[in-house]
Structures are given as C-alpha cells and as structure tokens.
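Below: one structure, written as structure tokens.
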There are 2 protein chains.
Amino acid sequence: MAVSTVKGALSVDTASPDGSAVDHVVHQIRELIAQAGLKVGDSLPTERELCAQFNASRNTVREAMRILKAYGLVEVRPKVGATITDNRMSRAIELFSFATMEVSRKTFSDVQAFRDLLEVGSVEQLFDRICDRDIDELHSINAKLAGIHDLEEASEVDFAFHVRLISILDNSAILDVYNVMKPIILRIMQKGKTRRTFKTETFSEHEGVIEAMSHRDRLSFQYRLRTHLMTGFKYFNEEMEASA
Amino acid sequence: MAVSTVKGALSVDTASPDGSAVDHVVHQIRELIAQAGLKVGDSLPTERELCAQFNASRNTVREAMRILKAYGLVEVRPKVGATITDNRMSRAIELFSFATMEVSRKTFSDVQAFRDLLEVGSVEQLFDRICDRDIDELHSINAKLAGIHDLEEASEVDFAFHVRLISILDNSAILDVYNVMKPIILRIMQKGKTRRTFKTETFSEHEGVIEAMSHRDRLSFQYRLRTHLMTGFKYFNEEMEASA
DNA sequence: TTTTACGTATTTGGTCCAACAAATAGTTTG
DNA sequence: CAAACTATTTGTTGGACCAAATACGTAAAA
C-alpha cells in the first residue's frame, strides 16, 4: 500500500463483481497484489490475516483463494501460505481438457486450416532457423510411432512431432496457443485412425516432411505437410451441414 | 447412473488429483456429470445432496463448486441450484485479462509474428471470400478511430478492425484464439502510441489495407498489413535481452 | 365452481463460527 | 550435526443462521 491513491481507472479494474462477498474478496486481493506491486514468487498474507484485513470469514477467504488458485494466479502450500504464480496458460489448457465434445466437420476444417496457416505458412522463418538437431529430434520423435500401444499414445506422439516442428520458430505465442488447443488437436488426430494408420501412413507422412526439411525443399515441405494435415478429413461425412 | 459400469478408461479421466478432498469432490462431480450424461442446461444435485453423496462437508463441496464455477462449467443461483453451462471460452478470456503484465520486446515480436501468419498468411483464402459488405464494414469500423477519446477505446477499435478482417475467413478456431489473446493484443496496440497516432497513422494504414482488399491486390495487401503489424516495434528498446 | 391473488412454509445457496487434523518451518535438544 | 519437538498455517469438518426464491395452500373474486 502507500502508493497510488490515484490508481483508479487503470488496468486492474475487475469492474464491480456481482456483490457476493467472495467476489468482493477476490477483487480486494487482486487490488492488494496490484497496489503492493507483488510479483511472481512473492507471498500473500495468511488466510487469517486476509480475514481480518477484509472483514470476511475464513470460509469466504478460502473460497476466494480457490478462485485465484483455479485461475492459476496463486499457489498455496500448507504452512507456508500462498505465493503468487502465473500458471494461467496451463489452466487454460486444463480448461479445455474437459467435456469430451465430439469433433464436428467444421471444427476439423477450422482447426486444421488454422494449423496450416501456422505450420505451412511459416516455412520461410522455419527454414531460416532449422538446424541438424531439429531434424534429428523430429526423427526420434516420429520413430516412437512404431512402439505405440493405443490411439491416445499415438496422438500424443503425433502432437509432440508438430510441437517440435513449430518450436523451431522459438515463438512462445504460437507454442502457447498450440498447448491450449492440444485436447482438441488430439481428438482431431485420432479421428478415423487406427493404430495401424499411425504406424504406417502418419509415420511416413512425417518422414516425408522431415526429408523435405533436411533438403530445404520448400515446395515439397509445404505440399507434404498440407496433405498430412488434411488427411482424416475424409472420415467426416457431410451430415449436418447447416447448423446455425 | 445405471448405465456404464464399464465406462472406466474413457475420456473423462481427470486422472487422480493431488488427493485433497476438494479436488476429489471436483473429480467426482465431473464423473457424475459424465455418467449421468448431463448436458448444458441440466441441473446438478443440491450442495447438501452432494455432501451426502460424496461424504464431504458442505464447505468442501462449496470449494469444489467454486472451482467448477471458475472453470465456467456450472452456473449457480441461490435457491434454484447449480446448472451445467459451458462458458469456458469466456473464462479463458477473463483469465488473461488479469495481471497487467508489461509487454516485453519478445512478447511483442512473437505475438505480431503470430498475427502475421494468420492475417497476412491467409491472403488467398481471404481474397476468395471477400465481399462488398466486408469492405464497407471495415471502412465503418476504421472510421470510428476519428472519434476516439482515449487509448483504451482506440485499441478496441483497432482490435475490432482486425477481428472483422479475419472473420471473413469464417474460421472459429482463429476467432476464438484471437479473443483469448485480446488483452495481450490490446496492450501491444497501445504500446508507444498516442491518440493522435491512432487517428492518423493507424487509421491510414488500415485504409491502405482496405484499399488493397477492394482492388484484390494481394501483394499490396500483404505489404501494407505486414508493415502495419510491425509498427510499434520501434518503441521497444533492447533492454533485458537475455532472460531465462 | 373456477380462477386469481396472496401469504406462508420450505428449500437452497451465502456467510460465519469453532474446532480438529495434517503438514511443515523453525527451534530446541541429544 | 542430527533428531525430536513446537508452533504456525492450511485442510477439513460440522453446525448454525440468514436471505432469497420457490412451491404450495388458502382465501378472495369472478
């Protein structure tokens, strides 16, 4: 505290919550963090201190902390108390690991078109940065497809391959987005495939992409990768085309 | 209940949490939802029923419900109880509206490179779909820059312009990702700019992009948009290059 | 008799309190 | 230097009360 009596209309405005005591405490804690300029790693007051400070019961404070924890903004260990963190990205990932929604035809084409823009579209920056270790590691990741036991595992390997590919770009925005979308991408990868499909088709498609990379063959890279991304589209039938 | 004594290893596996009672209840509630096949709009048992069902105290159940609420999976109103929802996307957006982190040089270049891949890279698909209404609406959005009063408002208009641009693609994956990243993008847009910058430079850069679109001039579109995205990079100094 | 309106009782989430269990950091003791 | 102890702090429980929303039954009106 001390600083910023004026702070007011700046960035931290959570607007006014719904008036519930818990939301109010959440708001106050966030204000506290902002005003005290707490950074990642710093400690928050103990629950009971917060109770006294905000005139709230311990349960109310605890529910507020649950929210902050769920948002990945604080980490709390018994005895040591709560410390500031920033796991929002991983929380966002967990968010979408829920609710096993069915992948629609439109979802498939949207997501794959999106990935096409990122993976195929970044060919120039990618080829600028490629080094031998990238090629080697892509090979070794892809080799794991031979030993997979179920679809889940196979799609994990497939995903790891593509993450390794774009990691060459050294762009954390892209990497973060990929991780957020991971659950959806995994489902897309599994759609219509069998273990055998992964071991044969997917494997050789990946190998083709790697070969194009090692030869620095832009056109081949783009063609092979694009084709690879669109494999699986055939497994979607045309049903339910018009959905509002 | 009734169905699926076998269900076991399917999709809903939240793995086993850290063993805390609250996490356990969260897990059980999610299992309950899955097993009972509850859809959005359906009701959950009352808190007290959940207490009895899971042998947990009411506070524990409430903390679990706080988590589900924070995840945007349930909505709870006094007296009527908890109903299933799916506001995960809006929660994800809220997630990143927090913690007014400073935009680093690397964040800037990463995010803008990312946007470059999406916006500039999609020129073919974009030009395939463009219609007159798109051009008109882009004009009218951009016109709002003349009447802006502060940076916040200006960046909102700027953002709206780019969202409208990519909305032509009719790709909800891209749109969702853009919305999730909105807070970060807004900050990037504000970096180093003034109201005047928006009213003059940003405005005319947008107009240039629109003009290229209306002429179906691919090269001009790409050049102008790419230049526009990289405007602002000059406001970052080299400080703090090596951060682990 | 039927329908509408009102008021009461019940249900349900929201908040608070007090107490105990478990885990851990720091301190003391061998 | 290591082990045991102590105090502190989170984790969990059970209970209590309140306020608001709903359900229902009763009374009044058509």
Side-chain angles (χ1 to χ4, degrees), chain A residues 14-33 36 38 40-85 87 91, chain B residues 14-33 36 38 40-85 87 91:
Chain A
T14 318
S16 170
D18 60 34
S20 107
V22 173
D23 290 330
H24 193 222
V25 170
V26 169
H27 183 70
Q28 284 177 301
I29 294 178
R30 283 176 54 178
E31 261 188 343
L32 173 67
I33 295 176
L38 299 184
V40 171
D42 293 345
S43 290
L44 243 51
T46 69
E47 288 181 358
R48 288 177 176 84
E49 280 174 321
L50 293 174
C51 294
Q53 195 163 345
F54 300 142
N55 270 319
S57 84
R58 188 147 164 254
N59 287 345
T60 302
V61 170
R62 279 188 60 79
E63 289 191 28
M65 296 293 289
R66 277 292 173 192
I67 295 179
L68 274 327
K69 262 202 282 188
Y71 276 56
L73 292 177
V74 305
E75 195 168 333
V76 40
R77 287 170 306 174
K79 171 64 186 176
V80 64
T83 55
I84 314 250
T85 65
N87 298 117
R91 288 313 153 132
Chain B
T14 317
S16 174
D18 59 35
S20 110
V22 173
D23 290 329
H24 194 225
V25 170
V26 169
H27 182 71
Q28 284 176 300
I29 293 178
R30 283 175 56 176
E31 260 187 345
L32 173 67
I33 293 175
L38 298 184
V40 170
D42 292 345
S43 291
L44 242 53
T46 68
E47 288 182 357
R48 289 174 174 85
E49 280 175 321
L50 292 175
C51 294
Q53 195 164 343
F54 301 142
N55 272 320
S57 84
R58 184 141 169 260
N59 288 334
T60 302
V61 170
R62 280 188 60 80
E63 289 192 28
M65 295 294 290
R66 278 290 173 193
I67 296 179
L68 274 328
K69 263 202 282 188
Y71 276 57
L73 292 177
V74 304
E75 193 169 335
V76 39
R77 289 168 304 176
K79 172 57 189 177
V80 62
T83 55
I84 314 261
T85 64
N87 299 117
R91 289 309 156 132

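A note on names: the letters A, B, ... follow the listed sequences, proteins ahead of strands, and every chain is numbered from 1.
- Evaluated for a side chain to side chain contact (heavy atoms under 4.5 Å, CB included) with B:Val26, the options B:Val61, B:Ile67, B:Leu73 yield exactly one hit, B:Ile67.
- Closest to the side chain of A:Lys79, out of C:dT24, C:dT15, C:dG13, is C:dT24.
- Scanning residues 57-67 of chain B for heavy-atom distances under 4.0 Å to DNA chain C yields B:Arg58, B:Asn59, B:Arg62, B:Arg66.
- Contact between B:Thr85 and B:Gly72 at its shortest, heavy atoms only, is OG1-O, 3.3 Å.
- For A:Glu75 and C:dT24, the CD to P distance is 13 Å, given to the nearest whole Å.
- Taking atom CD of residue A:Glu47 and atom C1' of nucleotide D:dT12, one finds them 11 Å apart after rounding to whole Å.
- Rounded to whole angstrom, the span from the CG atom of A:Asp23 across to the C1' atom of C:dG14 amounts to 11 Å.
- For A:Thr46, the side-chain atoms get nearest to D:dT9 when compared with the rest of D:dT9, C:dT12, C:dG14.
- Side-chain N/O atoms of B:Arg48 and base N/O atoms of C:dG13 include a donor-acceptor pair closer than 3.5 Å.
- For the pair A:Asn55 and B:Pro45, nearest-nucleotide mapping onto DNA chain C gives the more 5' position to B:Pro45.
- For A:Arg58, the CZ atom counts as densely surrounded, since its 6.0 Å shell holds more than 12 non-hydrogen atoms of other residues, nucleotides or ligands.
- When atom types are taken as modelled, the side chain of A:Glu63 and the backbone of A:Thr60 share no donor-acceptor pair closer than 3.5 angstrom.
- Under a 4.0 Å N-O distance rule, the pair B:Arg62/B:Glu47 qualifies as a salt bridge.
- Nearest heavy-atom pair across A:Ile29 and A:Ala64 is CD1-CB, 4.5 Å.
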